[in-house]
2 protein chains.
Amino acid sequence: MPRTKGDHEARRRDVSEAVWRVLAAHGFGGLTLRAVATELGATTGLLTHYFPAKRDLVAHALDVLEQRSASRPRRAAGPGLPAVRAALLDILPLTAEATDANRIWVSSWDVALADPALSGDHARRYAQSRGKLRDLVATAQELGELPAGDPELIAAGAQSFALGLVVQALFAPASFPPQRQVELLDDYLASLASPRAAMSPASPSSSRGEDPAPPGRHPGR
Amino acid sequence: MPRTKGDHEARRRDVSEAVWRVLAAHGFGGLTLRAVATELGATTGLLTHYFPAKRDLVAHALDVLEQRSASRPRRAAGPGLPAVRAALLDILPLTAEATDANRIWVSSWDVALADPALSGDHARRYAQSRGKLRDLVATAQELGELPAGDPELIAAGAQSFALGLVVQALFAPASFPPQRQVELLDDYLASLASPRAAMSPASPSSSRGEDPAPPGRHPGR
DNA sequence: ACATAGTCATAACACTTGTTATGCGAATGG
DNA sequence: CCATTCGCATAACAAGTGTTATGACTATGT
């Protein structure tokens, strides 16, 4: 009965890719049915035929994002610190596709922060990613490639570093070419790997509100 | 002639604060003239009286954001590493106001990435902030509180770390309370301060060893 | 007191948005 | 070969958007 045979799923994928392209170009603020339709060379009638409402459309687009992020070729690396490095490199916008994905990701933060449900989804996603990173950090510590310390804390720090680097690279790609991103990441990992001077494990800020003395190690004074 | 005397500027500030509140609550995606008007207990006629177009309104709101960021009480800290720490602490969402500001900031990334002009503004802003940070890092190095190394690179890394921590804290405030943010930052600074070996200790992957990701062109498309 | 000018509500405007209804064509099943 | 069903363009729809008059109100200057 259809004009072309079993293309229902394939057509849905086409639509999702058009959504992807619109998102990469104009972000969520510029995501409209008309924009997707023209990007696809069709009309809104086609879109509503496959997705009853815009909500379903963006949901499927976000599924595509997550699926792409999950199924993209991960870097292979031996256990320990190289695995940590590979996981972080996989986050950075080192290629055109990774740049698009990260750009969409950042764009989704606006709508996500406005909606508690979506906000929770993002938080959960980051927590999961952090969990994986923590395991990698732990094995690296067991191998003696990273100094002791709460792996959860180290993973959170590493993820923060990578996330911030993503944002900076998106806004100033000329100042943060792939090579520079890798350089920054490797410097960060090197500083992590170097044995840390002894500092009091208990945070001195627990008693006072916040903003206590300068960092742990006081060279002079 | 006016209903109340010299309140022109004061009224503009009122409007800007209403814009601020709407942005903090719903982000740029939820910023409409009606929303601002009801938030202010007025109508759109008032808004257009003080700001001819929405463009001017959001521009002024962003000016307010920048002005607030610039004029907020900065942490005082002696030169060297404490100054670096203070500058980074000033970025983090440690208070309710700082959280609002950062939430608006993140929200603006969506619209900024869609508009090259705004994108350039943001890039310039971050570059400037990075420049200041670099100077602080340099003096800390002169004081021997930080090991040698390109201060520009160190500043970029520190900014990335703070930025990413902001994002994480916004999405999972329960997992990243102020105390934890400070703890993470101090850990990061401690690892920076510790003298870095030449990457020999037990790290098989040299800094420029393998890199599956070819440094191809980045943005394009 | 009167004219004037700033303040702002009211309301209409042109436009875009997501959604829905209608209908035409094509491919298939009987 | 005809009826049916899917694919999709066309177009109308209501709601919401930014923008633009219009006019009433009020405090001020003279």
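Values below: all heavy atoms of this structure, side chains included; hydrogens, waters and symmetry mates excluded. Every chain is numbered from 1 and lettered A, B, ... according to where its sequence line falls, protein lines coming before strand lines.
The separation between A:D56 atom CG and C:dT20 atom P is 11 Å, rounded to whole Å. Atom NE2 of A:H49 and atom C1' of D:dC8 are 7 Å apart (whole Å). Note: CG (B:L46) to C1' (C:dC8) measures 6 Å, nearest angstrom. Rounding to whole angstrom units, CG of residue B:L47 and P of D:dT20 are separated by 14 Å.
In this structure A:F28 satisfies the ring pair (Phe, Tyr, Trp, His ring centres under 6.0 Å) test with no other residue, sequence neighbours excluded. Partners of B:F161 under the ring pair (Phe, Tyr, Trp, His ring centres under 6.0 Å) rule, at least two apart in sequence or in another chain, are B:Y188. For B:H60, the ring pair (Phe, Tyr, Trp, His ring centres under 6.0 Å) partners two or more places apart in sequence, or in a different chain, are B:F51.
Residue-level contact check: B:F51 touches neither bases nor backbone, having no heavy atom under 4.0 Å from any strand.
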Quiz item: Starting at the 5' end of DNA chain C, what dot-bracket string do you get if Watson-Crick and G-U pairs under 3.5 Å are bracketed, crossing pairs use [ ], other-strand pairs use | and unpaired bases use dots?
Solution: ||||||||||||||||||||||||||||||
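OP1 or OP2 of D:dC8 has at least one side-chain nitrogen or oxygen of A:Y50 nearer than 4.0 Å.
When the nucleotides D:dC8, C:dA9, C:dG6 are ranked by their closest atom to the side chain of A:R11, D:dC8 comes out on top.
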Report each atom pair, protein N/O against N/O of nucleotides 17-19 of chain D, whose distance is under 3.5 angstrom.
residue: D:dG18; atom: OP1; partner: B:K54; partner atom: NZ; Å: 2.8
residue: D:dG18; atom: OP2; partner: B:L33; partner atom: N; Å: 3.0
residue: D:dG18; atom: N7; partner: B:R34; partner atom: NH1; Å: 2.6
residue: D:dG18; atom: O6; partner: B:R34; partner atom: NH2; Å: 3.3
residue: D:dT19; atom: OP2; partner: B:K54; partner atom: N; Å: 2.6

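For A:R130 and A:E152, the salt-bridge test passes: some basic side-chain N is under 4.0 Å from an acidic carboxylate O. Ion pair B:R103/B:D100 not flagged as a salt bridge, since none of the NZ, NE, NH1 or NH2 atoms sits closer than 4.0 Å to an Asp/Glu carboxylate oxygen.
Between B:E183 and A:L153, some side-chain heavy-atom pair lies under the 4.5 Å cut-off.
Pairs passing the side chain to side chain donor-acceptor pair (under 3.5 Å) check and including a residue from residues 29-55 of chain B, sequence neighbours excluded, read B:R21-B:E39.
More than 12 heavy atoms of other shown residues, nucleotides or ligands fall within 6.0 angstrom of atom CZ in B:R74.
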